[in-house]
Colleague: 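My questions all concern the structure below.
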Amino acid sequence: MSAFLQEGDVFELMEGDTVYMRIPHHFIYANEVGEFGSTSKTHVTIGSASFPTKFMLGRWICIATEMTGGGTGHGSHDIYPNGHLVKALHSVHTHLRCSFYQSGSFRAMIPDRKSLGRAQAEWKVSP
């Protein structure tokens with residue numbers, strides 16, 4: 001069994017976890033107060049005072065993973081390795097998506113999250 005979450009794994013986000021998520025500019029930029037139509041991807045810590053986050057608590061489904069995000073800093077010896085990126089959707093409110101890393105050197109890290117079970121994908125034909 002892998003130490004990392006895999007596609008189909010169900011896991012829980014808890015207070016104090018940090019993830020990447022698209023949120024309105026109102027909550028990100030001081031010069032865009034009142035701007036709810038535009039969104040940007042940023043890191044969000046669940047339970048922080050800067051953004052209402054209770055809706056993020058609960059079970060999520062891992063929909064994809066990849067080893068990515070690495071790069072170099074200010075020199076040839078300043079190397080950041082790829083990390084295990086988890087992309088997820090909320091198990092109830094399926095329009096909500098987030099991502100985080102389980103390895104590497106990133107702002108949104110949850111290295112020790114374990115699977116609580118498995119989800120099963122269901123395809124439906126649109127009329």
Side-chain angles (χ1 to χ4, degrees):
M1 184 168 130
S2 172
F4 295 136
L5 293 171
Q6 299 299 318
E7 188 174 320
D9 282 342
V10 176
F11 64 92
E12 191 169 3
L13 285 182
M14 299 175 269
E15 194 161 330
D17 288 341
T18 300
V19 299
Y20 298 114
M21 181 175 235
R22 292 193 75 79
I23 62 173
H25 285 187
H26 171 84
F27 298 106
I28 305 171
Y29 306 113
N31 64 341
E32 292 200 41
V33 173
E35 177 56 58
F36 292 94
S38 299
T39 63
S40 289
K41 186 177 178 181
T42 189
H43 66 282
V44 176
T45 300
I46 300 173
S48 71
S50 63
F51 179 69
T53 57
K54 284 201 178 270
F55 69 91
M56 297 171 67
L57 296 171
R59 293 184 174 207
W60 290 71
I61 301 166
C62 175
I63 58 172
T65 66
E66 63 181 301
M67 291 298 286
T68 189
T72 58
H74 294 288
S76 60
H77 298 292
D78 193 9
I79 299 171
Y80 295 92
N82 284 336
H84 182 80
L85 176 65
V86 173
K87 296 177 183 179
L89 65 91
H90 196 278
S91 64
V92 176
H93 309 290
T94 56
H95 65 282
L96 296 175
R97 300 191 181 236
C98 74
S99 62
F100 61 90
Y101 285 89
Q102 288 193 283
S103 65
S105 181
F106 303 92
R107 283 190 110 159
M109 293 280 301
I110 308 175
D112 57 353
R113 199 50 36 101
K114 302 288 186 232
S115 175
L116 301 174
R118 299 281 299 160
Q120 195 169 12
E122 181 179 308
W123 291 95
K124 293 181 181 180
V125 176
S126 297

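Sequential numbering from 1 along the given sequence is applied to the chain's residues. Keep in mind that this is a model prediction, so the values were computed, not measured.
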Colleague: Just so I know, are the side chains of Y29 and T42 near enough to count as touching, which here means a heavy-atom distance under 4.5 Å?
Modeller: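 Not touching, per the 4.5 Å side-chain cut-off.
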
Colleague: Taking all non-hydrogen atoms of both residues, which atom of F106 and which atom of G69 are closest, and how far apart?
Modeller: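 For F106 and G69, the tightest heavy-atom pair comes out as CE2-O, 3.4 Å.
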
Colleague: Quick check: are there more than 12 heavy atoms from other residues, nucleotides or ligands sitting under 6.0 Å from CD of E15?
Modeller: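 Counting neighbours around CD of E15, 12 or fewer heavy atoms of other residues, nucleotides or ligands fall under 6.0 Å, so no.
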
Colleague: If we check side chain to side chain donor-acceptor pair (under 3.5 Å) with D9, which of these qualifies: R118, K114, R113?
Modeller: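 Exactly one candidate clears the test, R118.
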
Colleague: Membership question, hydrophobic clusters at under 4.5 Å side-chain separation (ILVMFWY): are F36 and M21 in the same one?
Modeller: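 Yes, M21 and F36 fall within the same hydrophobic cluster.
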
Colleague: What's the shortest heavy-atom distance between C98 and V19, and which atoms?
Modeller: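 C98 and V19 have their closest heavy atoms at CB-CG2, 4.0 Å.
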
Colleague: At what distance, to the nearest 0.5 angstrom, does CZ of R59 lie from CD of E12?
Modeller: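 Rounded to the nearest 0.5 Å, the CZ-CD separation comes out at 6.5 Å.
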
Colleague: Any link between I28 and F55 through a network of hydrophobic side chains (Ile, Leu, Val, Met, Phe, Trp, Tyr) touching at under 4.5 Å?
Modeller: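 I28 and F55: one cluster.
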
Colleague: Compare all side-chain heavy atoms of H93 with those of M56 and state whether any distance is below 4.5 angstrom.
Modeller: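 No, every pair of side-chain atoms sits at 4.5 Å or beyond.
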
Colleague: Which atom names give the shortest non-hydrogen contact between H84 and S103, and what distance separates them?
Modeller: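 In terms of heavy atoms, the two residues are closest at N-OG, 2.9 Å.
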
Colleague: For the CZ atom on R107, are there more than 12 heavy atoms of other groups (residues, nucleotides or ligands in this structure) within a distance under 6.0 Å?
Modeller: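 No, CZ of R107 has 12 or fewer neighbouring heavy atoms, counting only those of other groups under 6.0 Å.
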
Colleague: Applying the 4.5 Å side-chain criterion to the ILVMFWY set and letting contacts propagate, would L96 and I46 be lumped into a single cluster?
Modeller: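 Yes.
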
Colleague: Run E32 and H25 through side-chain hydrogen bond (donor to acceptor under 3.5 Å, both in side chains) and show every step you take.
Modeller: CA-CA 6 Å; E32 292 200 41; H25 285 187; 2.8 Å; yes

Colleague: Testing the basics here: between L5 and Q102, what is the closest heavy-atom pair and its distance to 0.1 Å?
Modeller: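 Residues L5 and Q102, closest heavy atoms: N-OE1, 2.7 Å.
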
Colleague: Is there a continuous path of hydrophobic side-chain contacts, each under 4.5 Å between heavy atoms, that joins Y101 to M67?
Modeller: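 No: no chain of side-chain contacts under 4.5 Å links Y101 to M67.
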
Colleague: Are K87 and E66 close enough that some pair of their side-chain heavy atoms sits under 4.5 Å apart?
Modeller: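 The answer is yes, as the side chains (C-beta and beyond) meet within the 4.5 Å cut-off.
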
Colleague: Parallel, tilted or perpendicular: which fits the ring planes of W60 and H90, with parallel below 30° and perpendicular above 60°?
Modeller: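 Ring orientation, 0 to 90° scale: perpendicular.
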
Colleague: State the CD-CD1 distance between Q120 and I61, to the nearest 0.5 angstrom.
Modeller: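 Q120 atom CD to I61 atom CD1 measures 11.0 Å (nearest 0.5 Å).
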
Colleague: Same cluster or not: I110 versus L85, using hydrophobic residues (I, L, V, M, F, W, Y) connected whenever any side-chain heavy atoms lie under 4.5 Å apart?
Modeller: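 Hydrophobic grouping puts I110 apart from L85.
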
Colleague: Nearest 0.5 Å, please: how far is CG in L89 from NE2 in H95?
Modeller: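 It is 11.0 Å, given to the nearest 0.5 Å.
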
Colleague: So how far is it from I63 CD1 to S99 OG, rounded to the nearest 0.5 Å?
Modeller: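 Interatomic distance, I63 CD1 to S99 OG, rounded to 0.5 Å: 9.5 Å.
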
Colleague: Side chains of T65 and F4: closer than 4.5 Å at any heavy-atom pair?
Modeller: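 The answer is no; the side chains never approach within 4.5 Å.
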
Colleague: Within the side chain of D17, is there an N or O that forms a donor-acceptor pair under 3.5 Å with the backbone of L13?
Modeller: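 No; judged by distance alone, with no hydrogens or angles, the pair does not exist.
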
Colleague: Say you draw a straight line from OG of S40 to CZ of F27; how long is it, rounded to the nearest 0.5 Å?
Modeller: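 S40 OG to F27 CZ: 13.5 Å, rounded to 0.5 Å.
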
